[in-house]
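First up is the structure itself, then whatever we jot down about it.
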Amino acid sequence: MTRSAIERYCATHGGDGATAEAEIRSLLENLIATGTHQRVEGGAWRLLAQEGFSILLSADANRVLGYSTAHRDRTYGQVKAGVPSRSRSRSGHRRDKRWVLALQDDLPVRFTTLVLRRFARDVLGTEFTRSTGKKVVEAAYSRSTHVQPDPPSNHAGRRRATDEAGLRWHFAYEPGERPAVIHLSWEPGCGPQAAAQDGGS
């Protein structure tokens with residue numbers, strides 16, 4: 001077990017080195033039996049759990065080189081036991097107002113309020129309000145379908161795609177959840193700022 005794997009576990013979940021090593025060994029046993037095994041660059045092995053956890057093993061499978069997860073507030077054991085996410089109750093879509101969530105009930109993808117505000121302002125030239133909400137969500141969804149990337153192999157993590165106008169769509173994935181667009185940004189030289197600079201020259 002490498003120090004970097006133990007330190008990564010402690011940085012993610014807290015606790016001491018002995019606890020981290022025990023938890024990683026338990027996860028490893030589960031992944032050997034039930035996980036997806038991938039050979040990666042350099043001959044190392046990546047073991048993936050459907051629940052959004054992964055372990056990186058050396059090429060000879062004798063050392064744990066790395067640990068990662070999409071669940072910062074829950075260990076593998078807690079996820080398997082059905083312990084609810086604490087972070088989701090404090091942040092994520094719980095921050096969004098009910099009417100914003102209701103507009104997206106039937107969509108296969110979700111947008112944060114901040115993303116919808118930026119899309120409304122930068123792309124549609126309007127404000128995101130109750131009266132414009134439906135139009136903004138429909139337009140955002142329609143445009144996002146042209147760039148939505150394939151999800152990560154373990155259905156956990158992030159992907160980014162850029163549309164033909166230079167708008168970057170940042171997608172977040174978590175097992176059992178709809179993909180979410182959590183951020184929008186513009187490629188350099190694109191978007192309203194670039195248009196304003198061109199107009200001023």
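Side chains are part of it too, since the values below use all heavy atoms of this structure and drop only hydrogens, waters and symmetry mates. Computed from a prediction, not measured in an experiment: that's the story for all the values here.
- Grouping the Ile, Leu, Val, Met, Phe, Trp and Tyr side chains by contacts below 4.5 angstrom, directly or via other members, places Phe111 apart from Ile182.
- One hydrophobic cluster, built from ILVMFWY side chains closer than 4.5 Å, cannot hold both Leu48 and Val40; they sit in different ones.
- The distance from atom CG of Leu103 to atom CZ of Phe128, rounded to the nearest 0.5 Å, is 6.0 Å.
- Side chains of Val100 and Leu116 form a contact here, defined as non-hydrogen atoms less than 4.5 Å apart.
- Taking 4.5 Å as the limit, some side-chain heavy atom of Arg143 sits within range of a side-chain heavy atom of Phe119.
- For the atom pair Leu65 CG and Met1 CE, the distance stands at 10.5 Å (nearest 0.5 Å).
- Minimum heavy-atom separation, Cys10 to Gly17: SG-N, 4.1 Å.
- Cluster membership for Ile6 and Leu28, using ILVMFWY side-chain heavy atoms within less than 4.5 angstrom, is shared.
- Closest approach of Cys190 to Gly166, counting heavy atoms only: SG-CA, 3.9 Å.
- Minimum heavy-atom separation, Trp169 to Val181: CE3-CG1, 3.9 Å.
- Across Ala44 and Leu56, no two heavy atoms sit closer than the pair CB-CD1, 4.1 Å.
- Here the straight-line distance linking atom OG of Ser185 with atom NE2 of His170 works out to 3.0 Å at 0.5 Å rounding.
- Counting non-hydrogen atoms of neighbouring residues, nucleotides and ligands closer than 6.0 angstrom, the CZ atom of Arg39 exceeds 12 such neighbours.
- Remark: the backbone N or O of Ser58 is not paired with any side-chain donor or acceptor of Asn62 at under 3.5 angstrom.
- Summarising the local packing, CD of Glu187 is surrounded by more than 12 heavy atoms from other residues, nucleotides or ligands at distances under 6.0 Å.
- Annotation for Trp186 and Ala165: closest pair CZ3-O, 3.6 Å, computed over non-hydrogen atoms.
- Ring to ring, Tyr67 and His13 are close: their centroids are under 6.0 angstrom apart.
- No donor-acceptor distance shorter than 3.5 angstrom exists from the side chain of Thr162 to the backbone of Leu167, with no hydrogens or angles considered.
- Listed for the Ser26 side chain is no donor-acceptor partner under 3.5 Å among the backbone atoms of Glu23.
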**Q.** Test log, rule side chain to side chain contact (heavy atoms under 4.5 Å, CB included), inputs Thr132 and Glu127
**A.** CA-CA 7 Å; Thr132 64; Glu127 293 294 319; 5.5 Å; no
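- Residues Phe171 and Ser144 come closest through the heavy atom pair CZ-O, 4.3 Å.
- Under a 3.5 Å cut-off, the side chain of Thr69 and the backbone N or O of Gly52 do form a donor-acceptor pair.
- Between atom OG1 of residue Thr129 and atom NZ of residue Lys135 there is a gap of 9.0 Å, rounded to the nearest 0.5 Å.
- Of the residues listed (Val64, Asn30, Leu57), the one engaging Leu47 in a side-chain contact (heavy atoms from CB on, under 4.5 Å) is Leu57, and it is the only one.
- Hydrophobic clustering of Ile, Leu, Val, Met, Phe, Trp and Tyr side chains at less than 4.5 Å, counting indirect connections, unites Val136 with Val123.
- Between the side chain of Thr126 and the main chain of Ala120, no donor-acceptor pair closer than 3.5 Å is present.
- Partner Pro149 forms a side-chain contact (heavy atoms from CB on, under 4.5 Å) with one of Arg159, Arg160, Arg158 and no other, that one being Arg159.
- A distance-only check finds a donor-acceptor pair linking the side chain of His37 to the backbone of Leu31 [under 3.5 Å].
- With a 4.5 Å cut-off on side-chain heavy atoms, Gln148 and Pro179 count as touching.
- To the nearest 0.5 Å, atoms CD (Glu51) and CD (Gln78) are separated by 13.5 Å.
- The backbone N or O of Glu138 lies less than 3.5 Å from no partner atom in the side chain of Ser142, so there is not a single donor-acceptor pair.
- Salt-bridge formation is detected for the pair Glu21/Arg25: a Lys NZ or Arg NE/NH1/NH2 atom is positioned less than 4.0 Å from an Asp or Glu carboxylate oxygen.
- Between Val137 and Gln104 the shortest side-chain heavy-atom distance falls below 4.5 Å.
- Side-chain heavy atoms closer than 4.5 Å link hydrophobic residues (I, L, V, M, F, W, Y) into clusters, and following such links, possibly through other members, connects Val109 to Val115.
- Under the 3.5 Å distance criterion, the side-chain polar atoms of Arg178 are matched with a main-chain donor or acceptor of Leu107.
- A 6.0 Å sphere centred on CZ of Arg121 holds more than 12 heavy atoms belonging to other residues, nucleotides or ligands.
- Considering CD of Glu29 and CD1 of Ile24, their distance stands at 12.5 Å, rounded to 0.5 Å.
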